[in-house]
Every structure is written in structure tokens, then in C-alpha cells.
Amino acid sequence: MVITRFAPSPTGNLHIGGARTALFNFLYSKNQKGKFLLRIEDTDKDRSKKEFESQIISSLKWLGINYDDKEIYQSENISKHIEVAQELLRKKHAYKCYCLPEELEQERNQAVAKGLNYIYSGKCRNLKEEKNIPFVIRLKIEKNKNIILHDGVQGNVEINTNTIEDFIILRSDNSPTYNLSASVDDKIMNISHVIRGDDHKINAIKQIILFQFMGWKIPKYFHIPLIHSLEGKKLSKRDNASTTDDCKKIGILPVALRNYLLRLGWSYKDKEIFNKQESIKFFNLKNIGKSPSKLDFERIKSLNEYYIKNLDQKELFNYFIIFVNEFKKKIEEKYLKIIFQNLNILKNKAKTLEDIYNNSSFIFEYNQTLILKSNLINEKNKVYLNDFLEEISKIEVYSEKKIMEISEEVLKKNNIKFKEFGAPLRMILTGSSKAPSIKEIVEILGINETITRLKRYI
RNA sequence: GGUCCCUUCGUCUAUCGGUUAGGACACAUGGUUUUCAUCCAUGAAAGAGGGGUUCGAUUCCCCUAGGGACCGCCA
């Protein structure tokens, strides 16, 4: 059975890159009718935070990336990691190293100063006697041997062990290090496919060595190229809009972000839009690209716009409510009802949920500051506006046809172009020059509110 | 510095050696529209450079250049 995993360390919010890795793992496992597991790598006690952990979990949930079983905490497996370190020691695949950190630091600095590459010299490798001082356990890596990583994305990557140091697997405080923990956990969890960022490529070699020493079956590796910022560097938390929360905050729909992430570094012919079922159905590992891709926020927004335009009214409204409740001032129930009924009009100019909120604000928050500032209203057009007011006061129920007729009449009577009367009217009714068409505004506000707003300015 | 990886329009990408190198976003122009948008149509826009292999290379190989990742008692 295919079992994949996503293994974030809770030292920061979930990143776009991490989200994509999680998505690929999720989609592949589901495509193969396998399992997708979440493993929280919380062994760095200083940097791991509960808040990041729950942020990561809720972000995955928000994106619809659902993991099987309960999440697994790496810290709970530490005793097993230590056991494996001890076993490797017994089997002489590892050794105790008594070098002091300061000592090694100095060696490293010296090497760097000379412009040389530094790796641990291995001077404790063949120590005969045990010392009664603190030690770390290092893996004894066979010299001058070529290790091949059969990578599903990168092809065969061959690396000579001379470039890999005898890395530490167990610290002097008896805590396991990353490569030990990750290997052991992957083994325990029966991970069949490791799909992760290609910053882990060298780790894969180290892990393969460890797997070989233990005689375990090596999982298949897929190292996907990293996502870069527009500047072409590895995405960091400081790049704006680089976390899923950044996207959420400005009103990106999870379905849109998911779709964007799916097509970043992966493709299926010319297909751009994938719903959840399709993404599971069509996803494969062989179509993953080999080159890094840049995060393009314009593309996220345009995909978001697509989903805003095409989602069913109820579904979109639900997303909207969730967004408003989390990030905006609460909107009164009666206004929400109006927004829901007119969503198809209000979403017209929107690329994000925030845009829908702003487009709707004239309904629940009539802001008049722009009206006077705009100088749109003068004695001349007050005449037309008054004509409009008079006519509209005569009707009781809104009808598109009626509003159009009234407008036509006003234009004809005063012999003016629409703009001369439409612009000030729109401004008075909405407090903005960018709003729906007049007939739509009247429909949204209702006849009474339209009259009330008009009367204040003529 | 060492090791490894990458390179098709500005961006995401398609191309299983033979294509007028396709699509999408962004951009430009025109049309629709009662503002602004939407929508529709059209357009401009790419194989890093140099060598091979081949009847034929974007595609396979080599070199160069450019970019990136990793090199912690972090994960």
C-alpha cells in the first residue's frame, strides 16, 4: 500500500511550499488509494510551538488536505530513535565521538578561512578506549563509496561518501538528531513514498545509508524543486503572502489556492482548473517538473477570481461569511441577507473575498466622505437628480424596466448624456464612483433607501 | 570554497527527434457594457550560448554561462 506523509516542524506557520508538498503527498496517496499521514516533527523543543502546530493543522484542514489516522508526534518516538542509535553502535556502524563543539567549531573556522570545504575529520572513529566524558554518536560512513539516490523526480543522483561527514545521530544529551528520527519514523510508519522539497536531497543520501545499515527497505524518494520568491530565492517567511494565512487574510479561497499549488511544478496537459475529485484522479508523480518555480501572486488572484465567478452562490457566500467573521467587522443579519441575494452583482469586480466585502460596504456602511469631496453635485445636475427622485417616488416596487424607463425620461427631458446624471447619482447612492450600475444599486438598496439617500443631497 | 540540481514567452507550463513551438495568467488593442469591472475577439511575447550525434534537434550527449539547494550537537 502507498503510504505518504507530510512532516513539518512546528517552528513557523504553514508556508506555501509546505502546503504544496502536503498537497502532493495527499493527492498521490489518494490517487493510489493509500494513506496520507501527518507527522509533527517537534523534537526541537526550543523552536517548536503549540500555536504553529495548530496553525499547520488548521491550514491543512482549510485547504482540504485531510490526513488519515491521528497526527503523529515525533517526540513520542524518541526512545525508539535512541534504541536504533544504540543498535547501530553495537553493530559498529556508529561510534562515540568525544570531540568538543568548540574544538570542532574552531576546525571549521580554520577550514573556511583557508577557503576549504569542512567536514568532520572522523578522528574519534577508531578510538579503542571508552572515555568517561560526554559524547555524541556519529554514523560511521564508509569512505569513497558512491551512493545512488534513485529519485523519482531528479533521476539517479550519485554522490560519493567522501563528501559526507560522519554525521551525528545522537547528541551529547542523548537526544536524536533529524536524520535519525526521520529515518526511524519513516520506517515505523511504513512510508512507501517520501515526497518532499529538494532541500532534503542530501539528507536522503544520509537516510539511505542509515536504512542500509539497519537492513530496512528503502522508501521511494521524490524531491520536488523548491518554490522561489519572485527574486528567485528559496521562499522564506519574510516574503509577503508566503504563508497560507497571508492568503486567507486577504480573501483567497482555499479551492483557488489549492488549484494554484497543484499547477505549480506539476501539470496535466493544458488543463488549468482542477476540482478536488479531478486533482485526485489526474495527479501523478511523473508529471512533476524538475525546475524550481516562482510564486506569482497575480496568478493566485486570477484563479481566485475564476472561483469567485464560478462557484455556486451558496458556497461562495459560505466562504464569505467565514472570511468576514474571522477578519472583518461583523455585518448585521439584514445586510447579510441583502448581500447574499445580490452576490452575483457584488462579486462582479472581485478578485478576492475582501473585494466582495469592499464592494458591498455601501450597503451596510454608507460612507459619505467622498460625496462632497468629489464635487460631482452641482446646481445643474440637481435638477436631473430631482427629476429622477420625483419619478422614482411614484413607484412602489422595484423593477429593472421601470428604472430604465425613468432614466431615459430624465435624459430626454434635460437633453443630457447618461454620464451627467449617472455619475452624481451613483456617488450619492453609494459614496463611490465605482459601484454597480444604477439599476442594480436601486435593486440592492430598495426604493425607500434610494429615496432616503437621494434626499440628503438635493 | 565543496557537492548536487536546474535553464521553453515577464510568470506557470505543453512538447514521448519532424509542430506556423501550444495553452493559461499578466500585458496591449478593439468590441459589448449606464461608471468601474466582467465577458468576447485580436495581438505582441520563449527554446541561455557554443559544440557535437542525426537526413532532421527545444527534445539526446559534452562544454561554457547564469540561477538555485545543501554543507549545524536545526528540522
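Order of the sequence lines sets the chain letters (A, B, ...), proteins ahead of strands, with each chain counted from 1.
- One finds no side-chain N or O of A:Thr177 lying less than 4.0 angstrom from the OP1 or OP2 phosphate oxygen of B:G72.
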(request) Could you walk me through whether A:Gln207 and A:Tyr221 pass side chain to side chain contact (heavy atoms under 4.5 Å, CB included), step by step? (result) CA-CA 11 Å; A:Gln207 291 166 15; A:Tyr221 289 102; 3.9 Å; yes
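- No side-chain heavy atom of A:Leu127 sits under 4.5 Å from any side-chain heavy atom of A:Cys97.
- At least one side-chain nitrogen or oxygen of A:Thr43 sits closer than 4.0 Å to the OP1 or OP2 atom of B:A75.
- One atom, CD of A:Glu107, and another, P of B:G72, lie 13 Å apart when rounded to the nearest Å.
- Evaluated for a ring pair (Phe, Tyr, Trp, His ring centres under 6.0 Å) with A:Phe274, the options A:Phe283, A:Trp266, A:Tyr306 yield exactly one hit, A:Trp266.
- The distance from atom CG of A:Leu346 to atom P of B:C36 is 18 Å, rounded to the nearest whole Å.
- Comparing B:U15 with B:G67, their C1' atoms sit 24 Å apart, to the nearest whole Å.
- When both pairing distances are held under 3.5 Å, B:G17 makes no Watson-Crick or G-U pair with any nucleotide shown.
- Nucleotide B:C71 holds its P atom 16 Å from the CG atom of A:Asn109, rounded to whole Å.
- The closest side-chain heavy-atom distance from A:Ile119 to A:Thr163 is not below 4.5 Å.
- Atoms CG (A:Leu295) and C1' (B:G10) sit 15 Å apart, rounded to a whole Å.
- Comparing A:Lys234 and A:Lys434, the nucleotide of RNA chain B nearest to each residue sits closer to the 5' end for A:Lys434.
- Side-chain proximity of A:Lys309 to the nucleotides B:C6, B:U38, B:G1 is greatest for B:U38.
- Residue-level contact check: A:Pro8 touches neither bases nor backbone, having no heavy atom under 4.0 Å from any strand.
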(request) Go through the steps to decide whether A:His193 and A:Phe24 satisfy the test ring pair (Phe, Tyr, Trp, His ring centres under 6.0 Å), and finish with yes or no. (result) CA-CA 11 Å; A:His193 295 67; A:Phe24 283 14; over 10 Å; no
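- Separation of the C1' atoms belonging to B:U35 and B:G43 is 27 Å when rounded to the nearest angstrom.
- A:Leu264 comes within contact range of the sugar-phosphate backbone alone, with a heavy-atom separation under 4.0 Å but no base atom that close.
- Distance check on atom P: B:G50 versus B:U58 gives 11 Å, rounded to whole Å.
- Among the heavy atoms of the strands lying under 4.0 Å from A:Ser293 are primed sugar atoms or P, OP1, OP2 only; no base atom is included.
- Residue contacts for A:Asp173: at a heavy-atom cut-off of 4.0 Å it reaches no nucleic acid atom on any strand shown.
- Base engagement by A:Ala435 is indicated by at least one non-hydrogen atom pair under 4.0 Å involving a base atom.
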Nucleotide N/O of nucleotides 20-27 of chain B paired with protein N/O under 3.5 Å:
residue : atom : partner  : partner atom : Å
B:G22   : N2   : A:Asp270 : OD1          : 2.9
B:G23   : N2   : A:Glu272 : OE2          : 3.0
B:A24   : O4'  : A:Glu272 : OE2          : 3.3
B:A24   : O2'  : A:Arg299 : NH1          : 3.2
B:A24   : O2'  : A:Arg299 : NH2          : 3.1
B:C25   : O4'  : A:Arg299 : NH1          : 3.2
B:C25   : O3'  : A:Ser302 : OG           : 3.4

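- Comment: A:Lys50 engages A:Glu53 in a salt bridge, judged by a side-chain N to carboxylate O separation of less than 4.0 angstrom.
- Judged by atom type and distance alone, A:Ser433 does not reach the base of B:C36 through any side-chain donor-acceptor pair under 3.5 Å.
- At the heavy-atom level, A:His200 lies under 4.0 Å from base atoms of the strands shown.
- The side chain of A:Ser291 lies closest to B:C6 when the candidates are B:A75, B:C6, B:U35.
- Remark: B:A65 base-pairs with B:U7; criterion is Watson-Crick or G-U wobble with both hydrogen-bond distances under 3.5 Å.
- The number of heavy atoms from other shown groups lying within 6.0 Å of NZ (A:Lys143) is above 12.
- OP1 or OP2 of B:C70 has not a single side-chain nitrogen or oxygen of A:Lys206 nearer than 4.0 Å.
- Among the atoms of the strands shown, base atoms are found under 4.0 Å from some heavy atom of A:Cys99.
- Within the 4.5 Å cutoff, no side-chain heavy atoms of A:Ile169 are placed close to those of A:Asn179.
- Among the protein residues, A:Pro101 comes within range of the nucleic acid bases, having at least one heavy atom under 4.0 Å from a base atom.
- Taking 4.0 angstrom as the limit, A:Arg426 places none of its side-chain polar atoms (N or O) nearer than this to OP1 or OP2 of B:C36.
- Both the sub-6.0 Å distance and the 45° axial angle are not jointly satisfied by A:Lys271 relative to the ring of A:Phe282.
- Using a 4.0 Å cut-off between a side-chain N of Lys or Arg and a carboxylate O of Asp or Glu, A:Lys439 and A:Glu443 do not qualify as a salt bridge.
- Among the protein residues, A:Lys233 comes within range of the sugar-phosphate backbone only, with heavy atoms under 4.0 Å from sugar or phosphate atoms but none that close to a base.
- Of the residues near RNA chain B, A:Glu405 and A:Asn179, the one whose nearest nucleotide (by heavy atom distance) lies more toward the 5' end is A:Glu405.
- Look at the C1' atom in both B:U19 and B:C5: the space between them is 30 Å, to the nearest Å.
- Using a 4.0 Å heavy-atom cutoff across all strands shown, A:Val136 reaches at least one base atom of the nucleic acid.
- With a 4.5 Å cut-off on side-chain heavy atoms, A:Thr352 and A:Tyr357 do not count as touching.
- Counting non-hydrogen atoms under 4.0 angstrom, A:Met404 reaches a base of the nucleic acid.
- In this structure, of B:A69, B:C4, B:U35, it is B:U35 that holds the atom nearest to the side chain of A:Lys349.
- Proximity of A:Lys294 to the phosphate of B:U11: a side-chain N or O atom is located under 4.0 Å from OP1 or OP2.
- Base pairing annotation: B:U34 forms no Watson-Crick or G-U wobble pair, as no partner gives both donor-acceptor distances under 3.5 Å.
- Separation of the P atoms belonging to B:A48 and B:U33 is 46 Å when rounded to the nearest angstrom.
- Across the protein-nucleic acid pair, A:Lys419 atom NZ and B:C36 atom P stand 8 Å apart, rounded to whole Å.
- Atom NZ of A:Lys201 is separated from atom P of B:A69 by 12 Å (rounded to the nearest Å).
- Taking atom P in both B:G17 and B:G10, the straight-line distance is 26 Å, to the nearest Å.
- Between A:Ser267 and B:A14 there is a side-chain polar atom (N or O) within less than 4.0 angstrom of OP1 or OP2.
- To the nearest whole angstrom, the two P atoms, one in B:A69 and one in B:G56, are 40 Å apart.
- Distance, A:Lys271 NZ to B:C12 C1': 16 Å, rounded to whole Å.
- Here A:Gly422 lies out of heavy-atom contact (under 4.0 Å) with every strand.
- Across all strands shown, A:Gly265 has heavy atoms under 4.0 Å from sugar-phosphate atoms exclusively, and none from any base.
- Rounded to whole Å, the separation between the P atoms of B:U54 and B:U20 comes to 25 Å.
- Under 4.0 Å is where a charged nitrogen must lie from a carboxylate oxygen, and between A:Glu391 and A:Lys413 no such pair does.
- Following rounding to the nearest Å, A:Glu440 (CD) and B:U33 (C1') show an atom-to-atom distance of 11 Å.
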